[in-house]
Each structure stands twice: as C-alpha cells, then as structure tokens.
Protein chains: 2
Amino acid sequence: MTTEHDDRMDRFRARQRAQERNLFGRIAAAALASRTQAKRLLKSVGNLSITEWRILWDLAEAGPLTVTEMASIQRTDHALISRTIPTMLEKGYVTAATGARDRRVSLVTLTPAGQSVFDETSTIMSQRREAVANAFSEVELDRFLALIDRFEQFVEDPVLSTLDIEGTG
Amino acid sequence: MTTEHDDRMDRFRARQRAQERNLFGRIAAAALASRTQAKRLLKSVGNLSITEWRILWDLAEAGPLTVTEMASIQRTDHALISRTIPTMLEKGYVTAATGARDRRVSLVTLTPAGQSVFDETSTIMSQRREAVANAFSEVELDRFLALIDRFEQFVEDPVLSTLDIEGTG
DNA sequence: ATTTTTTACATGACAAGTCACATAATTTTT
DNA sequence: AAAAATTATGTGACTTGTCATGTAAAAAAT
C-alpha cells in the first residue's frame with residue numbers, strides 16, 4: 001500500500017529532479033556555492049571580505065581606479081564598492097583622492113600595507129583560479145563563457161519586463 | 001604623448017578584458033542579473049519576494065513540503081525558508097503543521113489564497129522559462145547544465161579548502 | 001535502556017547586493 | 001553663457017544568503 005507519506009516523498013523527489021534542469025536555479029546555486037568557497041578561502045588566510053579582496057585585486061593588477069571603474073570591472077553595483085572603501089581606508093589598505101581632471105571621481109590607490117595583504121592572500125586565490133583552469137580546457141571555457149554571455153543577455157533583456165503589460169492589457 | 005590619465009584608462013580596460021574570462025566573476029554576475037530580472041517580474045505583477053515565490057511554486061507543484069525539503073529543492077539554506085514562512089502564514093498563503101510521524105518537521109501547505117496568488121504570478125514566470133527555453137536548444141541546455149554541474153562540483157570540493165594548510169606547512 | 005549522535009528547525013549577527021534618492025560636478029543643449 | 005541633462009559618488013532601507021548557536025526530537029550506539 002502507498003501511504004500518504006510515501007506519496008509525499010515521491011512528489012518531493014519528482015520536484016527535486018525537475019528543478020535540476022531549471023537554468024535560473026542552477027546558475028544561482030552555482031554562483032552562491034562559488035561565493036561561499038571564496039569566503040572560506042579568504043577566511044582561512046586572513047580577514048578579508050569578498051568585496052575587500054576584489055578591490056585589492058583590481059588595484060594590484062590595474063593600479064589606481066575610481067569607484068565606478070571597479071564596479072564596472074566586477075560587474076557589480078557601485079554602492080558595494082563605495083560602502084567598502086571607508087573600511088579599507090581605516091585599515092590603511094588604500095588611500096583615496098579626488099580626481100585631478102574630474103573632481104567628481106574618487107581615485108583609490110593601493111598602499112604598501114594593502115599590497116602586502118594582497119600578496120598574502122593572492123597565493124590561495126591564484127591556486128583556486130589555477131585549479132579551475134585545470135578543470136576546464138580552453139575550449140570548454142570558451143563554450144562556457146559563450147553560454148553565460150547568452151544567458152546574461154537574456155536576463156538583461158528589458159523586453160521580458162514588458163511582457164506583463166501586454167498580458168494585462 | 002601618453003598622459004598619466006590615458007595610461008590609467010589603458011590599464012583599466014586591460015583589467016576589464018581580463019576579468020571577462022574570469023569564470024567565478026562571470027557566473028556570479030549572471031546569477032545576480034537573473035535574480036534582478038526575477039525580482040522585477042515579481043514586482044510587476046504583485047508583491048512577492050523571490051523566496052516567497054519559490055516557496056509558493058514548490059508547494060503548488062509538489063504539495064505539502066517540509067522546510068528542509070524546500071531548501072533542498074532550491075539548493076539554498078534552510079534558514080532562508082524558515083525565516084520566510086512566518087510572513088507567509090500572516091499573509092494567509094500557507095499553513096504549517098507539526099509532522100505526524102516526525103514531530104521535528106514542520107509541514108507547510110498551500111492555502112486557497114496562496115494558490116490564487118501563485119496562479120496570478122505563475123503566468124509571467126512561465127513566460128520567462130518559456131523564453132529561456134526558446135533561447136537555448138535542448139542540446140545547448142544539456143551542455144550548459146553539464147558545465148554547471150562540473151563547476152558546482154569544483155566549488156564544493158573541500159580539497160581546495162585545505163590547500164592553504166599545505167602551503168603554510 | 002541509557003547515552004551519544006544526528007537531524008529539523010528557529011534565530012541573532014553579519015556579508016553581499018539592489019534600489020531609490022540626494023548632492024555635486026561635468027557635459028550637452030539651447 | 002544659462003539651462004537642462006548626465007555622471008560619479010555616497011547613503012538609507014531593504015532583500016538575499018551564510019554561519020553559528022540553541023533546542024527539541026529521532027536514530028544509532030553502547
């Protein structure tokens with residue numbers, strides 16, 4: 001006999017299987033797992049938040065940058081960077097100066113202390129990137145990035161946002 | 001002549017190009033853009049948060065579920081579900097009852113009001129899934145999911161988390 | 001049968017991210 | 001040149017998500 005409980009378990013498992021092919025959910029889960037891994041790695045070597053690490057990395061690689069430039073590189077909101085800079089100023093990892101030719105911008109520069117923290121942290125983070133480079137061949141990476149490109153175009157398409165207007169008209 | 005400003009812009013653009021091939025960053029950005037799109041769609045038809053919508057969807061598709069089961073289906077933390085249930089109880093979208101055979105679990109069930117809200121919302125969300133199904137062929141979806149599988153395995157691999165121990169030994 | 005371990009859930013604390021709005025500086029229009 | 005539009009940054013309010021901890025119930029070990 002099929003109990004109510006068994007029946008419920010069957011429906012649960014069916015739902016779980018179905019959601020395994022939900023691209024939105026799968027990408028979200030993968031991104032969050034990735035973020036969690038980065039967080040743990042950063043914690044294992046020091047005291048940096050992910051946002052702080054990304055800022056240090058950008059500045060170490062590209063030299064002084066504005067808030068907007070870093071947000072653009074990281075494909076994130078400028079508010080996130082803007083809010084993190086004061087903490088990093090206090091810690092002495094960066095300095096900030098008003099732009100010479102454009103006085104709206106805030107040019108952020110890595111200090112020797114910031115460079116030192118970056119050096120200590122970059123080892124483990126480089127190993128991570130190396131490991132993922134070993135896990136995917138160049139060709140696979142190209143394909144993966146192409147699919148992500150298309151997905152990103154899809155979710156950034158404003159047309160979908162107006163579907164409801166047609167639907168309710 | 002090359003000004004300091006032009007030089008900085010060159011470094012910025014080089015960094016931006018390099019980061020376009022950073023899988024971690026690209027997946028994170030794609031996932032966040034997807035979440036933002038979902039949020040906007042939900043806002044356009046009603047007042048549901050993403051978490052609330054996912055709970056309604058799961059319950060509508062699979063019938064009564066426990067908090068842990070929903071967290072598992074959504075590949076998310078149970079805390080997120082747990083925190084959202086009280087709000088949905090207040091709104092009258094769901095009911096919760098202690099499990100009959102396991103008194104630890106909380107069985108959440110959709111109410112007629114919840115079903116009604118789900119119905120109103122599911123149209124736009126179905127259109128979105130349909131649109132993404134049109135944007136990717138079955139074969140492409142399979143490849144995409146396979147790559148995501150591998151990426152997820154990679155970021156969930158605990159071995160990487162111990163690399164630093166070797167490094168500092 | 002009692003002790004130990006595991007599991008399900010709730011909750012406080014915090015990080016990450018978005019949005020809307022405010023302000024100041026720059027650029028474009030007129 | 002003055003007015004209008006745009007851009008860069010900062011900030012309050014909020015959602016999403018993780019982690020650690022506590023509690024109660026169930027399962028496993030002794």
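Residue numbers start from 1 in every chain, and the chains themselves are labelled A, B, ... in the order their sequence lines are given, proteins ahead of strands.
- Taking only side-chain nitrogens and oxygens, T76(B) comes nearer than 4.0 Å to OP1 or OP2 of dT18(D).
- Within the 4.0 angstrom heavy-atom criterion, only backbone atoms of the sugar-phosphate kind lie near R35(B); the bases stay farther away.
- Separating the CZ atom of R103(B) from the P atom of dA27(D) is a distance of 12 Å, rounded to the nearest angstrom.
- Within the structure, every side-chain polar atom (N or O) of T66(A) is placed at least 4.0 Å from both OP1 and OP2 of dA8(D).
- Taking atom CG of residue L41(A) and atom P of nucleotide dC19(D), one finds them 12 Å apart after rounding to whole Å.
- As rounded to whole Å, 15 Å separates atom C1' of dA8(C) from atom CG of L65(B).
- Among the heavy atoms of the strands lying under 4.0 Å from S106(A) are primed sugar atoms or P, OP1, OP2 only; no base atom is included.
- Heavy atoms from other residues, nucleotides or ligands lying under 6.0 Å from CZ of R143(A) number 12 at most.
- On a pure distance criterion of 3.5 Å, a polar donor-acceptor pair joins the side chain of R83(B) and the base of dT18(D).
- Between D149(B) and R26(A), some side-chain heavy-atom pair lies under the 4.5 Å cut-off.
- Rounded to whole Å, the distance from NZ on K39(B) to C1' on dT18(C) is 5 Å.
- Contacts of I81(A) with the nucleic acid, taken as non-hydrogen atoms under 4.0 Å apart, are absent.
- As rounded to whole Å, 14 Å separates atom P of dA8(C) from atom CZ of R101(B).
- With hydrogens and angles ignored, a donor-acceptor pair closer than 3.5 Å exists between the side chain of R104(B) and the base of dT7(C).
- The residue S82(B) sits close to a base: some heavy atom pair falls under 4.0 Å.
- Within the 4.0 Å cut-off from OP1 or OP2 of dT16(D), at least one side-chain nitrogen or oxygen of S49(B) is found.
- In terms of position along DNA chain D, the nucleotide closest to V105(A) lies nearer the 5' end than the nucleotide closest to the other residue of the pair V105(A) and T36(A).
- The separation between I55(B) atom CD1 and dT16(D) atom C1' is 12 Å, rounded to whole Å.
- For the pair L147(A) and F151(A), the minimum side-chain heavy-atom distance is 4.5 Å or more.
- Taking every side-chain heavy atom of D77(B) into account, dT18(D) is the closest of dT18(D), dT11(D), dA10(C).
- A salt bridge is defined here as a Lys NZ or Arg NE, NH1 or NH2 lying under 4.0 Å from an Asp or Glu carboxylate O, and E52(A) with K91(A) meets this definition.
- Within 4.0 Å (heavy atoms only), R54(B) reaches sugar-phosphate atoms of the nucleic acid but no base atom.
- Between the P atom of dA16(C) and the CH2 atom of W53(A) lies a distance of 14 Å, rounded to the nearest Å.
- In this structure, R128(B) is positioned above the aromatic face of F24(A), its NZ or CZ under 6.0 Å from the six-membered ring centre and within 45° of the axis.
- Not one N or O on the side chain of S72(A) forms a donor-acceptor pair closer than 3.5 Å with the backbone of T68(A).
- Using a 4.0 Å heavy-atom criterion, one finds that L32(A) contacts the sugar-phosphate atoms exclusively.
- The 5' end of DNA chain D is approached more closely, in terms of each residue's nearest nucleotide, by L80(B) than by the other of L80(B) and K43(A).
- Per the geometry, NE2 belonging to H78(B) stands 9 Å off P belonging to dA10(C), to the nearest Å.
- Comparing A33(B) and A100(A), the nucleotide of DNA chain C nearest to each residue sits closer to the 5' end for A33(B).
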